[in-house]
Amino acid sequence: MSKMPKDFLWGGALAAHQFEGGWNKGGKGPSVVDVMTAGAHGVPRKITDTIEEAQFYPNHEAIDFYHRYKEDIALFAEMGLKCLRTSIGWSRIFPKGDELEPNEEGLRFYDQVFDELLKYGIQPVITLSHFEMPLHLAREYGGFRNRKVVDCFVRFAEACFHRYKDKVKYWMTFNEINNQMDVSGPLFLWTNSGVTIQEGENAKEVMYQTAHHELVASALAVSVGKKINPDFQIGAMVSHIPIYPYSSNPADVMLAEEEMRQRYFFPDVQVRGYYPKYALKEFEREGYSITMHTGDEDILKNGTVDYLGFSYYMSTTVKSDVANNNAGDIVNGALPNAVENPFIKASDWGWSIDPTGLRYVLNRLYDRYQIPLFIVENGFGAIDTVEEDGAIHDQERIEYLKAHIEALEKAVSYDGVDLIGYTPWGIIDIVSFTTGEMKKRYGMIYVDRDNEGNGSMNRSKKDSFYWYKDVIQSNGEKL
Ligand code: BGP
């Protein structure tokens, strides 16, 4: 008897700008990601001023799914995927972002992709904005700091909902909308493309104002979507990294509780439909002046989500009596009191490996929101070795995924959590978002391409490809 519901959505996760390539094909306009240089571990990517055609940008060609989508989707079907989470490139549909009519060629590309997926019985699970925005909106409008961009986003959402209303059921509005809470790190700028903080402005106040516009845009999109197809399931999507207290010292426990507010603020608004009191108290205490229009409260209340999608990679730990010793660490940058957790190991990129944390998070989120959850990212970035015979024995990745699937199965079968599906991140090797590298590989399908863009682009199956195929076929019994 399987622990998992028979209709559990075993899938894989991707994001347009990290694998499609075709950055200027089919009428697509430049996206903010198209001007992001490659970085490295601990070396943040840079956003340049202009697109240098000649200069290699990892996202320009990525793994060329744009031209190879039939081959790749056939491989996903061979794995037995029930769904594929990916995103729609906003600037494929609205090249500049402020046009009134969408780009037909861009819409047609996704028609072809979704039809190919559905041919194999693979459900598209679609994120509207996965760290992407047309460069024009970022540069000329200043991103979501400008309320006018709300209208541009809702127009983009409406065009997608109309076009794909019979092909896509599961949607999400913004990917990891909560990354911006870390206003000190580069994630803030990436998540909030185009937002600039002027001399003397308070970064957090700017962030909350920008966030308000995004939260209104998300809620409006939900309301519009439900009118187009009441069967749509539209979710929020957050990066959820639990924060543990280092000890039973009440100061550590309370610090962890307070820090968790930066993880809960966005889903609190998107799931419940109103600002939590702790945030209003912060605005009052810090003297933040957030411009909200009359009617915004009703928009938020009427645009609550149907499920909560989240990414889970790691946990973090805080200790109340240490100074900021994680400055510059992209993941812990926002946690000035972050310390190593002596009970768990980390990956080569410093991301802690904590499968129990996934069961913990599933319980905390389900208790807090009492709506279905969807793990839309989980994975192990690593350097893979191609053997002489072409085999790729990625046993570490298999162990990581096996342990996390055991944890989610316990949350479902033992704790009673309502979980829709599980889509491991990077089902095929793609460009790493934080570093712009190919060498940080998540895939169960290898792509012959390196950080400099060299390689045949040929695809090959790693050991994890066959392992995951068995997991899906056995509905999670055979791990
Ligand atoms: C999440 C993003 C994904 C993906 C993932 C892995 O935050 O939603 O787009 O990039 O992180 O991160 P990376 O690719 O940097 O290893």
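In each ligand, atom 1 is the first atom listed, and ligand 1 is the first ligand listed.
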Contacts of Trp467 that satisfy side chain to side chain donor-acceptor pair (under 3.5 Å) - sequence neighbours left out: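 Partners of Trp467 by the side chain to side chain donor-acceptor pair (under 3.5 Å) criterion come out as none, since no residue qualifies.
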Crowding at NZ, Lys25 (>12 non-hydrogen neighbours, <6.0 Å):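 Result for NZ/Lys25: enclosed.
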Can you list every pair where an N/O of ligand 1 is under 3.5 Å from an N/O on the protein?
{"from": "ligand 1", "atom 1": "7 (O)", "to": "Glu176", "atom 2": "OE1", "distance (Å)": "2.5"}
{"from": "ligand 1", "atom 1": "7 (O)", "to": "Glu176", "atom 2": "OE2", "distance (Å)": "2.9"}
{"from": "ligand 1", "atom 1": "8 (O)", "to": "His130", "atom 2": "NE2", "distance (Å)": "3.4"}
{"from": "ligand 1", "atom 1": "8 (O)", "to": "Asn175", "atom 2": "ND2", "distance (Å)": "2.9"}
{"from": "ligand 1", "atom 1": "8 (O)", "to": "Glu176", "atom 2": "OE1", "distance (Å)": "3.4"}
{"from": "ligand 1", "atom 1": "8 (O)", "to": "Glu377", "atom 2": "OE1", "distance (Å)": "3.1"}
{"from": "ligand 1", "atom 1": "8 (O)", "to": "Glu377", "atom 2": "OE2", "distance (Å)": "2.8"}
{"from": "ligand 1", "atom 1": "9 (O)", "to": "Gln18", "atom 2": "OE1", "distance (Å)": "2.6"}
{"from": "ligand 1", "atom 1": "9 (O)", "to": "His130", "atom 2": "NE2", "distance (Å)": "2.8"}
{"from": "ligand 1", "atom 1": "10 (O)", "to": "Gln18", "atom 2": "NE2", "distance (Å)": "3.3"}
{"from": "ligand 1", "atom 1": "14 (O)", "to": "Ser432", "atom 2": "OG", "distance (Å)": "3.4"}
{"from": "ligand 1", "atom 1": "14 (O)", "to": "Phe433", "atom 2": "N", "distance (Å)": "2.8"}
{"from": "ligand 1", "atom 1": "15 (O)", "to": "Ser432", "atom 2": "OG", "distance (Å)": "3.0"}
{"from": "ligand 1", "atom 1": "15 (O)", "to": "Phe433", "atom 2": "N", "distance (Å)": "3.3"}
{"from": "ligand 1", "atom 1": "15 (O)", "to": "Thr434", "atom 2": "N", "distance (Å)": "2.7"}
{"from": "ligand 1", "atom 1": "15 (O)", "to": "Thr434", "atom 2": "OG1", "distance (Å)": "2.4"}
{"from": "ligand 1", "atom 1": "16 (O)", "to": "Lys440", "atom 2": "NZ", "distance (Å)": "2.7"}
{"from": "ligand 1", "atom 1": "16 (O)", "to": "Tyr442", "atom 2": "OH", "distance (Å)": "2.5"}

From CD1 (Ile445) to NZ (Lys462), nearest 0.5 Å: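 Reported value, rounded in 0.5 Å steps: 9.0 Å.
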Going by atom type alone, with no hydrogens or angles, which donor-acceptor pairs under 3.5 Å involve a side-chain atom of residues 235-245 and a protein atom two or more places apart or on another chain?
{"from": "Tyr244", "atom 1": "OH", "to": "Asp354", "atom 2": "OD2", "distance (Å)": "2.5"}

Non-neighbouring partners of Glu78 that pass side chain to side chain contact (heavy atoms under 4.5 Å, CB included), sequence neighbours left out: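 Here the qualifying residues are Leu75, Lys461, Phe465, Lys469.
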Candidates Phe266, Phe144, Phe131, Trp90 - the one meeting ring-ring contact (aromatic ring centres under 6.0 Å, His included) with Phe174: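 Testing Phe174 for a ring-ring contact (aromatic ring centres under 6.0 Å, His included) against Phe266, Phe144, Phe131, Trp90 leaves exactly one candidate, Phe144.
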